Amino acid sequence: YVLCDVSTSVTSASVFFLSVLHALHDSFRKMRSFVFVERISEVTDVFARERNFKAVSEAIGRDAGVADVSGYTDYGRVWSEFLTQVEDDLHPRATVIVLGDARTNGRDPRADAFARIAAHAGRTFWLNPEPQLYWNYGDSVVRAYAPFCELHECWTTRQLEELVRALTRPRHA
């Protein structure tokens, strides 16, 4: 399960991450992909249907059902909606990957719902495109989610390499 914040605050990171997901889609048949701002929307079928990333990007912008990308991210609502959609499908062999800055815009972060997601999944990774210096500053609530996932900065090549190593480590290493 991959969830990607597509709000304007993380646009360059989300475009890059979505392009990587598109490239990997054929390799991972059971991968389900979601995008969100204020609400979450599954885009797995878009990846399956569209062969060209530009077409994927346009289809997500047109058809994904997420609010205006310049809107305000509502992580609490996203976790609640995600649980409603997939809680029965999550299992200990599942991996959940989140790309987002954890900026709640003053809204309830619903760390309890995120904790339930992580409890059902075998592994949970959070990729934050912001430098760690900015985590937990202003409306960033990384601290609320940190106990339930493995956090990674992902804004340099070196950090992305570290992330790949973490993702490919055996589950119980």
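In this text the structure is predicted, and so the values were computed from the model without any measurement. Count residues from 1 along the sequence.
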(Q) Is there a side-chain contact (heavy atoms from CB on, under 4.5 Å) between Arg169 and Glu150? Walk through the geometry before answering. (A) CA-CA 13 Å; Arg169 271 195 311 263; Glu150 188 175 317; 2.9 Å; yes
Q: Give, for atom CZ of Phe82 and atom CZ of Phe34, the distance between the pair rounded to the nearest 0.5 Å.
A: 5.0 Å
Q) Can Asp89 and Arg32 be counted as an ion pair, charged N to O under 4.0 angstrom? A) yes
Q. OG of Ser80 to CZ of Arg110: how many Å apart, nearest 0.5 Å?
A. 3.5 Å
Q. Any idea which heavy atoms bring Asp139 and Arg103 closest together, and the distance?
A. OD1-NH1, 2.8 Å
Q.
Given Tyr1, which partner from the list Ile117, Thr95, Ile97, Leu90 fulfils the side chain to side chain contact (heavy atoms under 4.5 Å, CB included) test?
A. Leu90
Q) Any sub-3.5 Å donor-acceptor pair from Tyr145's side-chain atoms to Pro109's backbone N or O? A) yes
Q) So, do Trp135 and Glu153 sit near enough that their side-chain heavy atoms are less than 4.5 Å apart? A) yes
Q.
So does Ser33 get a backbone contact from the side chain of Thr44, meaning a donor-acceptor N/O pair under 3.5 Å?
A. yes
**Q.** Asn105 and Thr73: CA distance, side-chain angles, deciding distance, side-chain contact (heavy atoms from CB on, under 4.5 Å) verdict
**A.** CA-CA 7 Å; Asn105 301 292; Thr73 311; 3.8 Å; yes
Q: For the residue pair Cys4 and Leu18, establish whether any side-chain heavy-atom pair is separated by less than 4.5 Å.
A: yes
Q) To the nearest 0.5 Å, how far apart are OG in Ser41 and CG in Leu3? A) 11.0 Å
Q) If you round to the nearest 0.5 Å, how far is NE2 of His120 from CG of Asp88? A) 8.5 Å
Q) For the residue pair Val2 and Met31, what are the closest heavy atoms and their distance? A) CG2-SD, 4.1 Å
Q.
Working to the nearest 0.5 angstrom, can you tell me the gap between Tyr137 OH and Glu130 CD?
A. 11.5 Å
Q: Please confirm whether the backbone N or O of Gly100 pairs with a side-chain atom of Trp126, one donor and one acceptor, at under 3.5 Å?
A: yes
Q | Contact summary for Phe148 and Ala118, nearest pair of heavy atoms | A | O-CB, 3.1 Å
**Q.** Tyr75 and Phe114 aromatic centres sub-6.0 Å
**A.** no
Q) Side chains of Thr84 and Glu81: is there a donor and an acceptor less than 3.5 Å apart? A) no
Q.
Please find the pair of heavy atoms, one from Ser140 and one from Asp101, that lie closest to each other, and give the distance.
A. OG-O, 3.9 Å
**Q.** Rounded distance (nearest 0.5 Å) linking atom CG of Asp5 with atom CG of Leu127
**A.** 12.0 Å
Q. Are Ile40 and Gln85 side-chain neighbours, meaning at least one heavy-atom pair lies under 4.5 Å?
A. yes
Q: Check the pair Phe125 / Leu99 against side-chain contact (heavy atoms from CB on, under 4.5 Å), numbers first and verdict last.
A: CA-CA 9 Å; Phe125 296 89; Leu99 173 77; over 6 Å; no
Q: Would you check if the side chain of Arg107 reaches a backbone N or O of Arg77 as a donor-acceptor pair within less than 3.5 Å?
A: no
**Q.** Pair Asn128-Cys154, side-chain contact (heavy atoms from CB on, under 4.5 Å): steps then yes or no
**A.** CA-CA 6 Å; Asn128 194 326; Cys154 66; 5.8 Å; no
